[in-house]
Amino acid sequence: MASGTLSVGGIGAAVIGLIAGALIAFFLFYMGARHVGMKTGYPLYIVGTSTFGDKGGYFLPGLFMGALQVGWYSVGTYFATKFVLNFIMGPANAPDPAVGGFSIVFTITGIIWGYLFAYVGVKGIDYVAKISTYLPIVPFLMLLYAVIAGSGGLSSFDVKTITSVDPNSVSARL
């Protein structure tokens, strides 16, 4: 559809078009809804309903948030794949899509890593939900340990040693 576009306008025109499109989308879709949401205090789907209509209130904000999540997931998978291949093959031997395009090794590793990443995420949500009922006990146990570990030094605590300044200390010289 757009073959030959870069040869006519050049990369500068493409970047200016991208920036203009981003600004238009920002002001049309984000700024209006943001101002309404800030002034009223209503959540995103209510503001989306007032902006995009009855059906669009659920569909469009959800679509935008879904596209954002797909983007973040893709970026995370791409860089994790580069990291894994650099670790396994070494930085000099690992395929780099920025230099030589996507290789079959990079693509297969990315697919495996992406599915593994998604599986761990789904299972992680399940495990966090199960553990969260007992989670308040973890900070309590940590505080209890800190009290027990620090209680031995309470008998030798002296306020004068805390408030006196040692002239040879680093903070005194600064």
Side-chain angles (χ1 to χ4, degrees), residues 1-139 142:
M1 179 175 133
S3 63
T5 305
L6 281 178
S7 62
V8 173
I11 192 74
V15 170
I16 290 171
L18 178 69
I19 291 171
L23 287 174
I24 290 169
F26 173 75
F27 284 110
L28 285 178
F29 294 120
Y30 175 73
M31 289 299 286
R34 181 184 74 98
H35 285 298
V36 171
M38 287 178 64
K39 288 182 181 179
T40 62
Y42 289 131
L44 177 64
Y45 67 92
I46 299 294
V47 173
T49 302
S50 70
T51 306
F52 302 114
D54 185 25
K55 293 182 182 176
Y58 287 104
F59 175 68
L60 286 173
L63 182 69
F64 290 146
M65 293 302 286
L68 177 71
Q69 294 303 317
V70 167
W72 276 115
Y73 183 78
S74 302
V75 168
T77 303
Y78 172 81
F79 283 105
T81 303
K82 281 182 69 170
F83 178 75
V84 166
L85 287 176
N86 282 339
F87 178 75
I88 292 172
M89 302 173 80
N93 298 327
D96 188 4
V99 176
F102 287 96
S103 68
I104 191 72
V105 173
F106 189 89
T107 303
I108 290 173
T109 306
I111 290 170
I112 292 170
W113 183 259
Y115 277 109
L116 183 66
F117 193 35
Y119 180 76
V120 169
V122 167
K123 286 298 182 183
I125 290 170
D126 187 38
Y127 293 141
V128 167
K130 289 177 183 175
I131 292 174
S132 66
T133 58
Y134 305 107
L135 196 60
I137 201 164
V138 173
M142 292 175 67

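Positions are given from 1 along the sequence.
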> Hey, mind stepping through Tyr78 and Phe106 against side chain to side chain contact (heavy atoms under 4.5 Å, CB included) and telling me if it holds?
Replying inline: CA-CA 9 Å; Tyr78 172 81; Phe106 189 89; 3.7 Å; yes

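Considering all non-hydrogen atoms of both residues, Phe102 and Thr107 come closest at CB-OG1, 4.1 Å. The two residues Asn86 and Ala94 come nearest to each other via the heavy atoms OD1-CB, 3.1 Å. Residues Gly110 and Thr81 share a closest heavy-atom pair of CA-OG1, 3.2 Å.
Using the six-membered ring where Trp is involved, Phe117 and Tyr73 have ring planes that are parallel, under 30° apart on the 30 and 60° scheme.
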List, one per line, each side-chain donor-acceptor pair under 3.5 Å for residues 12-22, sequence neighbours excluded.
none

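Interatomic distance, Thr109 OG1 to Lys82 NZ, rounded to the nearest 0.5 Å: 13.5 Å. Atom CZ of Phe27 sits about 10.5 Å away from atom CD1 of Ile24, to the nearest 0.5 Å.
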